[in-house]
Amino acid sequence: MENMAGNFFLVGLMGAGKTTVGRALARKTGKTFYDSDHEIEARTGVRVATIFDIEGELRFRDRESSVIADLVRMNNIVLATGGGAVLRPENRAELARHGVVIYLRASIDDLLARTMHDKNRPLLQIADPRAKLQSLLEQRDPLYREVADIVVDTSQQNVNLLVSRLLDQLHHIPAKT
Ligand SMILES: Nc1ncnc2c1ncn2[C@@H]1O[C@H](COP(=O)(O)OP(=O)(O)O)[C@@H](O)[C@H]1O
Ligand SMILES: O=C(O)C1=C[C@@H](OP(=O)(O)O)[C@@H](O)[C@H](O)C1
Ligand SMILES: [Mg+2]
């Protein structure tokens, strides 16, 4: 177990590995793992895709901001955010202030391969998910980089190896108290 103070927040596009790496990072550091999508689903009782369907993306973003504001105030957690969490400036400010922010990147090929079977990603249930991922990357990469304390490429990386290397890097980044 690696004892490290503070919170770690993961940002990045759909399929970058935020939920998977976040869970593994929490296990290795003894921190409590949260995922903002999972929290939204727990509070509403329905899947993300259903919220998009019934209430629309705007209302989903309201729910996302409310969950992020609650969770970042906890201590000793790892939070995997949804890929669009950085869209709202208030979310970016909350994330940057309350934890060390890790931006997970991967090739479009990897993002596509990792998301194509998951119907619970409503934004990718379209004819050309590759083009969508490309345009989301162009729109959001600057926002991810604005809040990130560290940028990690997860393409062709084994998750456990990735987490070990990430931990070595995180030891050199001061916790946000
Ligand atoms: N480094 C990796 N190498 C291979 N597969 C990965 C990697 N990281 C995540 N995955 C897989 O890709 C899919 C999406 O990962 P997930 O953690 O849900 O991404 P995100 O939360 O960023 O959308 C999952 O099936 C997961 O097992
Ligand atoms: O990129 C986005 O706008 C979204 C990413 C999803 O989370 P993951 O990044 O964990 O798939 C989820 O929040 C929702 O489908 C919207
Ligand atoms: Mg996720």
Side-chain angles (χ1 to χ4, degrees), residues 8-28 33-44 46-71 77-89 91-92 94-95 101-126 128-144 147-148 150-167 169:
F8 295 137
F9 303 143
L10 293 112
V11 300
L13 283 177
M14 288 175 271
K18 302 180 295 299
T19 302
T20 305
V21 170
R23 191 176 283 119
L25 185 60
R27 207 170 30 243
K28 284 254 184 180
F33 175 68
Y34 288 93
D35 180 292
S36 57
D37 284 344
H38 297 171
E39 187 64 22
I40 292 166
E41 292 180 335
R43 293 185 184 189
T44 59
V46 295
R47 304 302 311 273
V48 164
T50 306
I51 298 170
F52 269 70
D53 243 3
I54 296 176
E55 296 184 330
E57 181 172 353
L58 208 59
R59 182 73 187 98
F60 173 81
R61 298 296 174 202
D62 293 340
R63 293 183 181 279
E64 186 174 54
S65 292
S66 161
V67 158
I68 286 173
D70 289 347
L71 292 178
I77 72 164
V78 175
L79 170 63
T81 64
V86 296
L87 290 170
R88 289 192 175 180
N91 295 345
R92 298 200 297 271
E94 293 277 63
L95 291 168
V101 182
I102 303 157
Y103 172 18
L104 299 184
R105 301 183 69 242
S107 67
I108 296 292
D109 283 347
D110 277 0
L111 297 177
L112 193 64
R114 296 173 188 174
T115 54
M116 64 196 296
H117 304 296
D118 185 348
K119 296 282 173 274
N120 197 30
R121 298 182 207 262
L123 294 178
L124 297 183
Q125 305 316 304
I126 52 176
D128 191 349
R130 175 185 291 276
K132 181 68 176 174
L133 283 166
Q134 189 60 52
S135 79
L136 289 176
L137 178 61
E138 281 153 28
Q139 174 199 21
R140 296 174 178 181
D141 185 68
L143 304 178
Y144 294 134
V147 291
I150 181 172
V151 182
V152 177
D153 193 301
T154 70
S155 285
Q156 312 300 324
Q157 301 288 323
N158 164 285
V159 173
N160 287 326
L161 214 61
L162 202 156
V163 171
S164 300
R165 279 216 304 280
L166 175 57
L167 279 167
Q169 292 174 284

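Counting from 1, the numbers follow the sequence of the chain as shown. Only this structure's heavy atoms are used, side chains among them; waters, hydrogens and symmetry mates stay out. Just so you know, ligand 1 is whichever comes first in the structure, and atom 1 is the first atom listed for that ligand. This one's a predicted model, so the numbers in the text were calculated from it and none came from an experiment.
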Notebook entry, point to check: Between Phe60 and Phe52, what is the ring plane arrangement, given parallel below 30°, perpendicular above 60°, and tilted in between?
Noted result: tilted

Checklist line | Asn91 side chain to Val86 backbone, donor-acceptor under 3.5 Å | finding: no

Notebook entry, point to check: Nearest heavy-atom pair of Leu95 and Val101: which atoms, and what distance?
Noted result: O-CG2, 3.6 Å

Next item on the list: Could you check Arg105 against Asp110 for salt bridge (charged side-chain N to carboxylate O under 4.0 Å, His left out), going step by step and ending with a plain yes or no?
Entry: CA-CA 10 Å; Arg105 301 183 69 242; Asp110 277 0; over 6 Å; no

Next item on the list: Could you tell me whether any N, O or S atom belonging to Thr81 is less than 2.8 Å from the Mg ion (ligand 3)?
Entry: no

Next item on the list: Ignoring angles and geometry beyond distance, decide whether Lys18 reaches within less than 3.5 Å of ligand 2 through its nitrogen or oxygen atoms.
Entry: yes

Notebook entry, point to check: Out of curiosity, is Arg140 lining ligand 2, as in a heavy atom under 4.0 Å away?
Noted result: yes

Margin query: Has Ser65 got a side-chain atom pairing as donor or acceptor with Arg61's backbone, closer than 3.5 angstrom?
Written below: yes

Next item on the list: Mark up the atoms of ligand 2 that fall under 4.0 Å of a heavy atom belonging to Leu123, in ascending order.
Entry: 2 (C), 3 (O)

Note to self: Measuring from atom 2 (C) of ligand 2, which candidate in Gly22, Gly12, Ala49, Gly84 has the nearest non-hydrogen atom?
What the structure shows: Gly84

Next item on the list: Taking all non-hydrogen atoms of both residues into account, name the closest pair between Lys132 and Leu124 and its distance.
Entry: CG-CD2, 3.9 Å

Item checked: For Leu111 against Thr115, the heavy-atom pair lying closest together -> O-OG1, 2.8 Å

Check: Considering only protein heavy atoms, which is closest to atom 11 (O) of ligand 2, and at what distance to one decimal place?
Finding: Arg121 NH1, 2.4 Å

Notebook entry, point to check: What are the two closest non-hydrogen atoms of Phe33 and Thr19, and how far apart are they?
Noted result: CZ-O, 3.5 Å

Checklist line | Gly82 backbone acceptor or donor facing Asp37 side chain under 3.5 Å | finding: no

Notebook entry, point to check: Quick one: which ligand 2 atoms are inside 4.0 Å of a heavy atom on Phe60?
Noted result: 13 (O)

Next item on the list: Test salt bridge (charged side-chain N to carboxylate O under 4.0 Å, His left out) on Glu55 and Arg63 and set out the steps.
Entry: CA-CA 11 Å; Glu55 296 184 330; Arg63 293 183 181 279; 2.8 Å; yes

Would you mind writing out a table of all protein N or O atoms found under 3.5 Å from any N or O atom of ligand 1, naming both atoms and giving the distance to 0.1 Å?
residue	atom	partner	partner atom	Å
ligand 1	1 (N)	Gln157	O	2.8
ligand 1	3 (N)	Gln157	O	3.4
ligand 1	17 (O)	Thr19	N	3.3
ligand 1	17 (O)	Thr20	N	2.8
ligand 1	17 (O)	Thr20	OG1	2.6
ligand 1	18 (O)	Arg121	NH2	3.3
ligand 1	19 (O)	Gly17	N	3.3
ligand 1	21 (O)	Thr19	N	3.0
ligand 1	21 (O)	Thr19	OG1	2.9
ligand 1	22 (O)	Ala16	N	3.3
ligand 1	22 (O)	Gly17	N	2.9
ligand 1	22 (O)	Lys18	N	2.8
ligand 1	22 (O)	Lys18	NZ	2.7
ligand 1	23 (O)	Gly15	N	2.8
ligand 1	23 (O)	Arg121	NH1	2.7

Check: Where is the nearest protein heavy atom to atom 14 (C) of ligand 2: which residue, which atom, and how far?
Finding: Val48 CG1, 3.9 Å

Check: Would you say the side-chain atoms of Lys18 pair up with the backbone N or O of Leu79, donor to acceptor, closer than 3.5 Å?
Finding: no

Check: Would Arg61 count as a contact of ligand 2 if the rule is a heavy atom under 4.0 Å away?
Finding: yes

Item checked: Options Ala80, Ala85, Gly83, ranked by nearest heavy atom to atom 4 (C) of ligand 2, top entry -> Gly83

Margin query: Would you say Thr154 and Arg114 are linked by a side-chain donor-acceptor pair, where the criterion is simply a distance under 3.5 Å?
Written below: yes

Next item on the list: Check Leu136 against ligand 2 and report side chain, backbone, both or neither, counting heavy atoms closer than 4.0 Å.
Entry: neither

Notebook entry, point to check: Nearest protein heavy-atom contact for atom 6 (C) of ligand 2: which residue, which atom, what distance?
Noted result: Asp37 OD2, 3.5 Å

Item checked: Close-contact set for ligand 2 against Pro122 heavy atoms, below 4.0 Å -> 15 (O)

